[in-house]
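The structure appears below as structure tokens.
Being a predicted model, the structure only gives us computed values, none of them experimental. Each ligand, and each atom within it, is numbered from 1 in the order the structure gives. Scope of the values below: all heavy atoms of this structure, side chains included, with no hydrogens, waters or symmetry mates. Index from 1, following the sequence.
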Amino acid sequence: MARIQIEGLGRRFGTTVAVDAVDLTVEDGEFVALLGPSGCGKTTLLRMLAGLIPPSTGRISLDGKDITAATPSDRDVAMVFQSYALYPHLTVARNLAYPLRCKGMRRTEITARVTAVAERLELVPYLNRRPKELSGGQRQRVALGRAMVREPAAFLMDEPLSNLDAKLRAATRTELAALHRDLGATFVYVTHDQVEAMTMASRIVVMNGGRVEQVGTPAEVYDAPASVFVATFLGAPPMNVVPATVTSDEAGVRADGDGVAAHLWPGRTPEHEVLLGIRPEHLVRAADDAALRLDAVVEAVENLGSEEVAQCRVGGAPVAMRGPRPLRLAPGDRVALTCALADLHLFDATTRRRLRWADEPADRAVAVG
Ligand SMILES: Nc1ncnc2c1ncn2[C@@H]1O[C@H](COP(=O)(O)OP(=O)(O)O)[C@@H](O)[C@H]1O
Ligand SMILES: [Mg+2]
């Protein structure tokens, strides 16, 4: 069992606020990814969970027990480091056995656990090698194995795949997801790679500047991003963001901007500055009577193999359109683009937070303020 509760957790280094008052509950058996750009506090948060650094504020509990001040060995958690942190002078077998020897476990029990883990991770042929005689992927598995022998209730992983090449990373993602299912343990997994978070995690915690921007399933954070930051951190290319002013006239609520004109929905609204968010894959060529219209100028077209991305400009804003190849667009083309209203996201231009619409989707009135 490992239910991790974090309340008001913060950590400063001098004047740098690395982690700022984070509240988060990780349920037993969950695979939670901490996702965010470099420097947003992911490693610091994980190290506090592992007990490697003390928090400046807040508390951590494991299954209801306060472990804020507990030493790493007194927590039923194991950490897998980005650097692997293997002992270079020890064989694979001894690296795997190390945490158990430290605990003073009986030799027969150590052998049994090391053998079981080596078999599960296909490390048996390498047990007598030293880390420098292994490939990157094998080293990564030894680091994982060294966490597994302890049979912890929770695994804390800090970018464990970042040193692998792209093909091995993809294969290892699948293996890690399978391992999580087999072990039934709680995983807290730090990554700056949106693909890792989207493919493996049951929930994603998107972090920015030491704070939590949004917590949700992969579908929730992708389909309903809580902020412009989340919207533009996820997706390749990321969500397009175009400034506009929302007003209303006799026909209802509308949005207008440089190269943007949209009849949104019936009703009235006070004037409001917004950012329209549209994913590149939701943009299509507009018919003449389209309710939403972006007047785009194509600047470049990228061939992704099965798809193409047209990099355009709408007024001053860069806008990417992604679709099946060929898009039949060329640099210099002027093209009207649109999307379904259900695929249009609205953010407050000042707070950059998602605007919630009352009575969505039938009556899409902006709930402003
Ligand atoms: N030991 C430290 N001393 C001083 N500053 C640190 C230390 N560890 C991290 N930081 C700072 O805290 C912030 C968050 O760092 P970190 O948790 O490593 O981010 P991430 O893992 O998301 O890249 C960064 O600004 C980083 O420079
Ligand atoms: Mg880090």
Short N or O distance, Gly41 and ligand 1, threshold 3.5 Å exclusive
yes
Residues Glu213 and Arg353 bridged, charged N to O under 4.0 Å
yes
Side-chain donor-acceptor pair under 3.5 Å between Ser162 and Gln82, yes or no?
yes
Could you tell me which atoms of ligand 1, counted from 1 in the order shown, lie closer than 4.0 angstrom to a heavy atom of Thr16?
25 (O)
Looking only at protein heavy atoms, what sits closest to atom 24 (C) of ligand 1 is Gly39 O, 3.8 Å
Hey, does Phe13 come in under 3.5 Å of ligand 1, counting only N/O atoms on both sides?
no
Inspect the surroundings of CZ in Arg120 and state if more than 12 heavy atoms from other residues, nucleotides or ligands are less than 6.0 Å away.
yes
Any ion pair linking Arg173 and Glu196 (charged N to carboxylate O, less than 4.0 Å)?
no
At a threshold of 2.8 Å, where the distance has to be below it, does the Mg ion (ligand 2) have an N, O or S atom of Gln82 nearby?
no
Protein non-hydrogen atom found under 4.0 Å from atom 20 (P) of ligand 1:
yes
Which ligand 1 atoms are under 4.0 Å away from a heavy-atom of Thr44?
9 (C), 15 (O), 16 (P), 17 (O)
Give a yes/no verdict on whether any heavy atom in Gly36 is under 4.0 Å from an atom of ligand 1.
no
Do NZ/NE/NH1/NH2 and the carboxylate oxygens of Asp20 and Arg211 come within less than 4.0 Å?
yes
Looking at Glu307 and Arg325, is any side-chain nitrogen of the basic one under 4.0 Å from a carboxylate oxygen of the acidic one?
no
If we ignore hydrogens and angles and just use 3.5 Å, is the side chain of Gln140 paired with the main-chain N or O of Leu164 as donor and acceptor?
no
Could you tell me the residue and atom name of the protein heavy atom closest to atom 18 (O) of ligand 1, and the distance to it rounded to 0.1 Å?
Thr43 CB, 3.7 Å
Closer than 4.0 Å: a protein non-hydrogen atom to atom 13 (C) of ligand 1:
yes
